[in-house]
Novice: 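The following block contains the structure, expressed as structure tokens.
Since we're looking at a predicted model, the values are computed, not measured. Chain identifiers are assigned alphabetically (A, B, ...) following the order of the sequence lines, protein sequences preceding nucleic acid strands; residue numbering begins at 1 within each chain.
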Amino acid sequence: MSKRALSVTREQNFPEWYQAIVRDGDMAETSPVRGCMIIKPWGWGVWERIQAELDARIKDTGHDNCYFPLFIPMSFIAKEAEHVEGFAKEMAVVTHHRLKNEGGKLVVDPDAKLEEPLIVRPTSETIIGDAFQRWIKSYRDLPLLVNQWANVVRWEMRTRLFLRTTEFLWQEGHTAHADRDDAVAETLKMLEVYRTFAEDVLAMPVVAGEKPPNERFPGADNTYSIEAMMQDGKALQAGTSHYLGTHFAEAQNIQFQNAQGALTHCHTTSWGVSTRLIGGVIMTHGDDDGLRLPPMIAPRQIVIVPMLREKPEDAELIEYCKSLEKELKAAGIRTLVDLKLTKSAEKRWNWVRRGAPVIVEIGGRDATGGNVTFMRRDRLRDGDKVISNTKPRADFVAEAPALLKEIQSTLYSEAKARLDSNIITNIKSFKELEEYFGPAAEGDDEAGAFKGWVRVPWSRPEGAALDAIADKLKALKLTIRNAPLAQEAVAGACLFTGEPAKEYVLIARAY
RNA sequence: CGGGAUGUAGCUCAGGGCGUAGAGCAUCCGGUUUGGGACCGGAGGGUCGCAGGUUCAAAUCCUGUCAUCCCGACCA
């Protein structure tokens, strides 16, 4: 039986495959509100795991959590010129605070107009900066290191579940430092936290690097990102970290007295990752049978499906499953016995689609023989055939933690191999670049052939020269992703300007 | 905001003025099966996106409107 658990394969139509996983994997669905998603329990469970793991790492690096308001006075946003420019076109604005009933119809009460409109936060630099300005007086108050888990709203024209939604969830870290070196060190430290988090927890290999000036966060002196390669070759910016220089400090009067008594502006940073990571996990690990979750973020790591027959023996079977669950839980494994009143086969395939790392199926013969039959989601099939493993129960329990670790590392290795083998380094001219990626595809380019990333030498052009390059790339639907931090000494001339190259940059189609 | 398309059952869609609205899958019931995505029979479920118009008669034609999707524009 060559039937797959999803109705569409990656090969057939990658975007539809993505949507199928989001839907059939019980991750999320569209909501009655345009561009906003409903995150379903299974998807939310993944986000909770991401939060727990990342939050611990953020705290380990000395940051404390806090919470700022959802609304930001419009005047705050207006303080930093580039910031306004960057976000003006995508801000939701609250202008009134009351409705009224007019002839049986609810209308906005014109008398309830706000003195100053409120912006639904697209990011919190300005409102947090306002607090920093009050909190920071002395060099003894620095560095100030805070983080918040929150929702933000950006009124994007086109949305895709998890990847780009009008409202999304994220964490945003905001820090203030006495000098540039300390702030830059913070920016890079958090980038590294993101890199290791993505690789160790999400099993998603990334390239950490510096964004070109045209891709910087509005108001930043420097932006760094981690970029992940999806299974269609496109890049996904999975996290960013910004060195904001003294822009926001100057705009918001964030100053401190240094040890010599002089009044000095702080250097600030901000950094964030969002629910977009879940989209990245789906497109990194999913296969034609659905999602494959790395054990570290799977809400349930082992799911036990009793093969019930609606007969008296069922009670014993359930007992066997429950005691197995108890043993696995005692070993610290998130385990579930699926006792839902649906057909066992249906349950199995639902867990396959959801990406539970290990699916155990217990039938009467297993129970009497003291065995466990299970499937590994990372190696579900041999060809078309589903691989079913059977082990003595005691062995299975003893080896379960190691099995989960192995699944985690298998998923990482697969993705790492794909990333490493799909960064092309032999492109020597813009023409070759054009030929490699082909014309900016018409119509349904999304389903086009796999194209990896291209690494080219460049001379770090800025201003108009860089804009011209970005435009040329844009015509090919390409963007400069980043200049990897870890890179060998560059040789040769810049692919774009012909000037001596200063470093390598990665070029790719992107989400 | 421009260009294109689509709104009919929970889902995927058929029907396109002949008057009492269809299929497959899903759901529920009964039966037969079952070391694994089973089969047979039956049942429930829709004011055909919304509003107006034309008509004896509108899911069907016309106008408007809303929503969704695709392509642009937009997007740390």
Novice: Is a donor on one side and an acceptor on the other found under 3.5 Å between the side chain of A:Arg121 and the backbone of A:Pro69?
Specialist: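 Confirmed, A:Arg121 side chain pairs with A:Pro69 backbone.
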Novice: Quick one: look up who B:A38 pairs with, Watson-Crick or G-U, both distances under 3.5 Å, and put none if it's unpaired.
Specialist: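 Answer to the pairing question: B:U32, which forms a Watson-Crick or G-U pair with B:A38.
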Novice: For A:Arg381 and B:G37, give me the distance from atom CZ to atom P, rounded to whole Å.
Specialist: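 Value for this atom pair: 12 Å.
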Novice: Classify the nucleic acid contact of A:Glu346 as base, sugar-phosphate or nothing, counting any heavy atom under 4.0 Å across all strands shown.
Specialist: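 It contacts nothing in the nucleic acid.
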Novice: Sticking with atom P, work out how far B:C62 lies from B:C71, rounded to a whole angstrom.
Specialist: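 B:C62 and B:C71 have their P atoms separated by 28 Å.
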Novice: Now, which nucleotide makes the Watson-Crick or G-U wobble pair with B:A21, with each of the two distances under 3.5 Å?
Specialist: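 B:A21 is unpaired by these criteria.
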Novice: Quick one: on RNA chain B, does A:Trp170 or A:Arg348 contact a more 5' nucleotide (nearest heavy atom)?
Specialist: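 The answer here is A:Arg348.
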Novice: Find the distance A:Leu317:CG to B:G36:P and express it as a whole number of Å.
Specialist: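 The distance from CG of A:Leu317 to P of B:G36 comes to 15 Å, rounded to the nearest Å.
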Novice: I'd like the P distance from B:U33 over to B:A21, given in whole Å.
Specialist: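 Pairwise P distance, B:A21 against B:U33, rounds to 40 Å.
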Novice: Side-chain N or O of A:Lys385 less than 4.0 angstrom from OP1 or OP2 on B:G37?
Specialist: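 A:Lys385 to B:G37 OP1/OP2: no side-chain N or O under 4.0 Å.
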Novice: Let's see if you can work this out: which of B:C75, B:U34, B:G37 has an atom nearest to the side-chain heavy atoms of A:Lys311?
Specialist: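 My answer, after comparing the listed nucleotides, is B:U34.
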Novice: Quick one: label A:Thr30 by what it contacts on the DNA or RNA (base, sugar-phosphate, nothing), any heavy atom closer than 4.0 Å.
Specialist: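 Counting heavy atoms under 4.0 Å across all strands, no contact is made by A:Thr30.
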Novice: Searching all strands shown, indicate the nucleotide that pairs with B:G16 (Watson-Crick or G-U wobble; both distances under 3.5 Å).
Specialist: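 Per the H-bond distance test, none.
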Novice: Whole Å only: how far is the CG atom of A:Asp338 from the C1' atom of B:G36?
Specialist: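 Going from A:Asp338 (CG) to B:G36 (C1'), I get 15 Å.
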Novice: May I ask you to check if A:Arg216 and A:Tyr224 form a cation-pi contact, with NZ or CZ under 6.0 angstrom from the six-membered ring centre and within 45° of the axis?
Specialist: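 Ring-cation test returns no.
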Novice: Between B:U27 and B:A9, how far is it from one C1' atom to the other, in whole Å?
Specialist: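 Taking atom C1' in both B:U27 and B:A9, they lie 11 Å apart.
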Novice: Cation-pi between A:Arg57 and A:Phe197: NZ/CZ under 6.0 Å from ring centre and within 45° of the ring axis?
Specialist: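 No.
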Novice: Touch check for A:Arg353, heavy atoms < 4.0 angstrom, all strands: base, sugar-phosphate only, or nothing?
Specialist: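 Base contact - A:Arg353 has a heavy atom under 4.0 Å of at least one base atom.
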Novice: Under 3.5 Å for both donor-acceptor distances, Watson-Crick or wobble: does B:A58 have a partner, and if so which one?
Specialist: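 For B:A58, the partner nucleotide comes out as none, under the 3.5 Å rule.
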Novice: Starting at CD of A:Glu16 and ending at P of B:C70, how long is that distance when rounded to a whole Å?
Specialist: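 That distance rounds to 10 Å.
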Novice: As a test of reading the structure: which of B:G37, B:C71, B:C75 is closest to the side chain of A:Lys477, going by heavy atoms?
Specialist: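 When the side chain of A:Lys477 is considered, B:C71 is the closest of B:G37, B:C71, B:C75.
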Novice: Whom does B:C50 pair with, Watson-Crick or G-U wobble, provided both distances fall under 3.5 Å?
Specialist: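 Pair assignment: B:C50 / B:G64.
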Novice: Applying the Watson-Crick and G-U wobble criteria at under 3.5 Å, what pairs with B:G44? Answer none if nothing qualifies.
Specialist: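 None - no nucleotide pairs with B:G44, as no candidate has both distances under 3.5 Å.
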Novice: Let me know the distance between NZ of A:Lys347 and C1' of B:U34, rounded to the nearest Å.
Specialist: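 Spelled out: NZ on A:Lys347 to C1' on B:U34 is 15 Å.
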Novice: Of the non-hydrogen atoms in A:Met27 and A:Leu291, which two are nearest, and what is the gap between them?
Specialist: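 Heavy-atom minimum between the residues: SD-CD2, 3.7 Å.
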Novice: Tell me which nucleotide, if any, is Watson-Crick or G-U wobble paired with B:C69 when both distances must be under 3.5 Å.
Specialist: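 Pairing partner: B:G4.
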Novice: Atom CG of A:Leu161 and atom C1' of B:U68: how far apart are they, to the nearest Å?
Specialist: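 My rounded result for the distance is 13 Å.
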Novice: Does A:Met91 CE have over 12 foreign heavy atoms under 6.0 Å away?
Specialist: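 Enclosed: over 12 neighbouring heavy atoms sit under 6.0 Å from CE of A:Met91.
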Novice: Atom NZ of A:Lys474 and atom P of B:A73: how far apart are they, to the nearest Å?
Specialist: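 Result: 5 Å.
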Novice: How is A:Gly272 classified with respect to the nucleic acid when contacts are heavy atoms under 4.0 Å: base, sugar-phosphate, or nothing?
Specialist: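 No contact.
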Novice: How far, in whole Å, is B:U32 from B:G16 if one measures between their C1' atoms?
Specialist: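 One C1' to the other, the span is 43 Å.
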Novice: Applying the salt bridge (Lys or Arg N to Asp or Glu O under 4.0 Å) test to A:Arg354, which of A:Asp26, A:Asp24, A:Asp338, A:Asp289 qualifies?
Specialist: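 Exactly one pass, corresponding to A:Asp26.
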Novice: Do A:Phe71 and A:Ile119 pass the side chain to side chain contact (heavy atoms under 4.5 Å, CB included) test, and can you show the C-alpha distance, the side-chain angles, and the key distance before you say yes or no?
Specialist: CA-CA 5 Å; A:Phe71 301 120; A:Ile119 306 301; over 6 Å; no
Novice: When the C1' atoms of B:U47 and B:A58 are considered, how many whole Å apart are they?
Specialist: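 After rounding to an integer number of Å, I get 13 Å for this pair.
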Novice: Using the P atoms only, state how far B:G19 lies from B:U12, rounded to an integer number of Å.
Specialist: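 Taking atom P in both B:U12 and B:G19, they lie 27 Å apart.
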Novice: So A:Ala5, base contact, sugar-phosphate only, or nothing? Heavy-atom distance under 4.0 Å.
Specialist: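 A:Ala5: base contact, heavy atoms under 4.0 Å.
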Novice: Determine the Euclidean distance between corresponding C1' atoms of B:C1 and B:A14; express it in Å to zero decimal places.
Specialist: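 Taking atom C1' in both B:A14 and B:C1, they lie 35 Å apart.
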Novice: With P as the reference atom in both, quote the distance from B:C40 to B:C25 in angstrom, rounded to an integer.
Specialist: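 Those two atoms are separated by 9 Å.
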Novice: From the options B:G36, B:C75, B:G37, select the nucleotide whose nearest atom is closest to the side chain of A:Glu90.
Specialist: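 So the nucleotide nearest the side chain must be B:C75.
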Novice: Could you state the atom-to-atom distance from NZ of A:Lys343 to P of B:U32 in whole Å?
Specialist: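 It is 17 Å, rounded to the nearest whole Å.
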